[in-house]
**Q** 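Sharing a structure with you now.
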Number of protein chains: 2
Amino acid sequence: MPEQPSSRRIPLTRKAILDAAVARADSHGIDAVSMRSVAQALGVVPMALYNHISSKQALLSGMVDVIVTEIPPLDPDQPWQPAIRQRVLAAREVMMRHPWAVEVIKSRTEATPAVLQYINELIGAFLGGGFTPELAHQVMHALGSRMWGFALDVFPTPATPDDPSQRAALFEVMRTAYPHIATIAVAGAHPKVAMLGLGCDNQTEFEFGLDILLDGFEARLQAAAVESPQQAPEK
Amino acid sequence: MPEQPSSRRIPLTRKAILDAAVARADSHGIDAVSMRSVAQALGVVPMALYNHISSKQALLSGMVDVIVTEIPPLDPDQPWQPAIRQRVLAAREVMMRHPWAVEVIKSRTEATPAVLQYINELIGAFLGGGFTPELAHQVMHALGSRMWGFALDVFPTPATPDDPSQRAALFEVMRTAYPHIATIAVAGAHPKVAMLGLGCDNQTEFEFGLDILLDGFEARLQAAAVESPQQAPEK
DNA sequence: ACCTGAACACCGTTCAAGT
DNA sequence: ACCTGAACACCGTTCAAGT
């Protein structure tokens with residue numbers, strides 16, 4: 001019995017489909033999420049999904065919506081910088097729970113409601129912190145993917161062989177062909193990482209980049225306040 | 001006659017395949033690049049490609065290699081900051097010439113030789129500018145996709161209807177549901193962009209984010225020099 | 001209104017055969 | 001060593017039919 005129709009008592013619903021897709025991605029990886037496989041997991045024929053979700057792309061966007069909803073809200077009692085920092089790091093935790101999410105978010109081209117709401121709230125924090133709309137626009141773009149808690153890590157790791165002697169040979173090749181890469185590879189901030197542990201987008205490095213951006217935003221905010229103090233900062 | 005075998009006098013070669021794939025992506029978009037379509041463009045059967053390129057993924061990586069080679073070299077006569085800034089902006093121009101490149105680079109997981117060489121040279125510029133290996137490691141990660149001249153623009157544009165009255169209706173919906181987004185949308189630095197012209201990753205915004213990062217790198221470099229002046233900055 | 005079944009037009013890739 | 005032909009095991013999606 002390859003499927004159990006007894007579980008199909010409850011009618012198919014958009015939410016049930018998205019939850020099944022997220023569950024499947026969590027357990028089997030995003031490549032295991034196809035219209036056919038999700039339908040099978042629900043005990044239903046592939047075309048049944050199309051009554052609730054218009055396309056594979058819509059399914060992926062809906063999956064993002066589901067997990068973006070997991071991001072905890074902004075703390076309204078904090079100044080903009082710690083509030084945003086905290087929320088971005090919270091978003092990062094959600095992304096770490098769903099390792100497929102980064103790849104899917106990178107491929108999205110249209111925003112869904114939960115995504116728009118998250119963005120809207122971040123902008124609200126900037127505006128509430130004294131940013132002009134123009135500056136808020138700029139900093140949101142500068143923040144980019146870091147608003148979701150990840151940095152595009154285009155620093156690809158060559159597959160590191162398990163065999164130590166092969167690994168040493170590879171490192172020797174790297175050191176002669178790309179000496180600077182070899183230099184910083186061994187000088188990573190995290191000594192536990194193997195010598196070719198590039199491609200590491202770990203917590204320290206994420207926060208390093210995030211804080212440079214947030215500090216830069218603060219500096220631009222101050223500069224703007226100085227050159228056009230139409231509204232005094234004290235109230 | 002659906003194909004011309006006369007063009008198949010020259011033997012198939014890895015470079016010929018990559019060039020054909022790049023040409024096809026430039027003219028028809030990345031979705032038109034399949035093992036089958038590239039083979040057809042070369043007047044050859046799909047499986048013939050596998051003698052020179054091991055997989056579709058290898059084809060995509062090879063395509064990136066081809067265009068990364070188009071990025072002009074670093075100017076060795078300049079200090080690290082203008083040199084890197086200039087080269088990143090040059091990389092950006094290459095990416096603009098090949099609109100498919102951003103999407104493909106985002107999906108790569110392994111570095112190819114030209115990519116490693118480019119990265120190696122950037123690191124060399126940081127090290128030559130006085131960065132410690134540790135700090136160079138950090139700033140390379142913080143730079144992230146911006147080293148390729150693009151920022152991951154996770155700020156997706158809702159499809160804007162052509163019809164003005166529909167567009168006005170959409171904007172009204174946005175303004176009530178996501179007021180802050182609407183606020184900064186109309187306050188973009190580029191007045192020519194339509195009111196819902198979010199998702200714009202234009203030159204000004206790219207440079208805004210890039211300069212925040214580069215300035216932050218400089219500040220960290222100075223801070224490190226102050227706290228451990230084992231090598232005096234003056235010579 | 002929702003689900004089904006069959007089919008269409010594709011994919012990347014393996015395998016065995018040709019030269 | 002390189003190219004071919006046929007096949008395999010998938011895709012997303014359309015269409016017409018069922019209830």
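Computed over heavy atoms, backbone and side chain alike; hydrogens, waters and symmetry mates excluded. Numbers restart at 1 for each chain; the letters A, B, ... are given by sequence-line order, proteins then strands.
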**Q** Give the nucleotide from the list C:dT13, C:dT4, D:dC11 with an atom nearest to the side chain of B:Ser55.
**A** C:dT13
**Q** Let me know, please, whether A:Thr13 or B:Ser37 comes out on the 5' side of the other along DNA chain C by nearest nucleotide.
**A** A:Thr13
**Q** Measure from the side-chain heavy atoms of B:Ser34 and tell me the nearest of D:dG12, C:dG12, C:dT4.
**A**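 Per side-chain heavy atoms of B:Ser34, the pick is C:dG12.
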**Q** If we only count heavy atoms from C-beta on, is the A:Arg85 to A:Glu207 side-chain gap below 4.5 Å?
**A**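 Yes, their side chains come closer than 4.5 Å.
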**Q** What is the distance, to the nearest angstrom, from the CG atom on B:Asn51 to the P atom on C:dT13?
**A** 14 Å
**Q** Could you check A:Gln138 against B:Thr204 for side chain to side chain contact (heavy atoms under 4.5 Å, CB included), going step by step and ending with a plain yes or no?
**A** CA-CA 9 Å; A:Gln138 298 264 55; B:Thr204 308; 4.2 Å; yes
**Q** Rounded off to whole Å, could you give me the CG-to-C1' distance for the A:Asp31 and D:dG12 pair?
**A** 15 Å
**Q** Take atom CD1 of A:Ile30 and atom C1' of D:dC11, then tell me their distance rounded to the nearest Å.
**A**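 Between C1' of D:dC11 and CD1 of A:Ile30: 15 Å.
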**Q** So, B:Ser37 side chain and B:Ala32 main chain: donor-acceptor pair closer than 3.5 Å or not?
**A**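 Indeed, once roles are kept as given, a pair shorter than 3.5 Å links the two residues.
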**Q** Roughly how many Å is it from CE in A:Met35 to C1' in D:dT13, rounded to a whole number?
**A** 9 Å
**Q** Figure out the OH/P separation between B:Tyr50 and D:dA1, and round it to whole Å.
**A**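 B:Tyr50 atom OH is separated from D:dA1 atom P by 21 Å.
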**Q** Could you tell me the Watson-Crick or G-U partner of C:dA6, where both distances fall under 3.5 Å? Say none if there is no partner.
**A** D:dT14
**Q** Could you tell me how far apart A:Arg14 (CZ) and C:dA1 (P) are, to the nearest whole angstrom?
**A**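 Whole-Å distance recorded here is 19 Å.
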**Q** Which nucleotide sits closest to the side chain of B:Leu12: C:dG5, D:dC3, D:dT13?
**A** D:dC3
**Q** Can you check the B:Arg36 CZ to D:dC11 P distance for me, whole Å?
**A** 16 Å
**Q** Once you apply a heavy-atom cut-off of 4.0 Å, does B:Met47 come out as touching a base, just sugar-phosphate, or nothing?
**A**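 Counting heavy atoms under 4.0 Å across all strands, the contact made by B:Met47 includes a base.
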**Q** For a quick test of reading the model, state the closest non-hydrogen atom pair linking A:Leu122 to A:Arg87 and the distance between them.
**A**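 The pair with the smallest heavy-atom distance is CD2-CD, 4.4 Å.
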**Q** Can a side chain N or O of A:His52 be found less than 4.0 Å away from OP1 or OP2 on C:dA1?
**A**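 For A:His52, the contact criterion (side-chain N or O under 4.0 Å from OP1 or OP2 of C:dA1) is not met.
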**Q** Rounded off to whole Å, could you give me the NZ-to-P distance for the A:Lys56 and C:dC10 pair?
**A** 18 Å
**Q** Is the backbone N or O of A:Trp148 less than 3.5 Å from a side-chain atom of A:Tyr118, with the two atoms forming a donor-acceptor pair by type?
**A** no
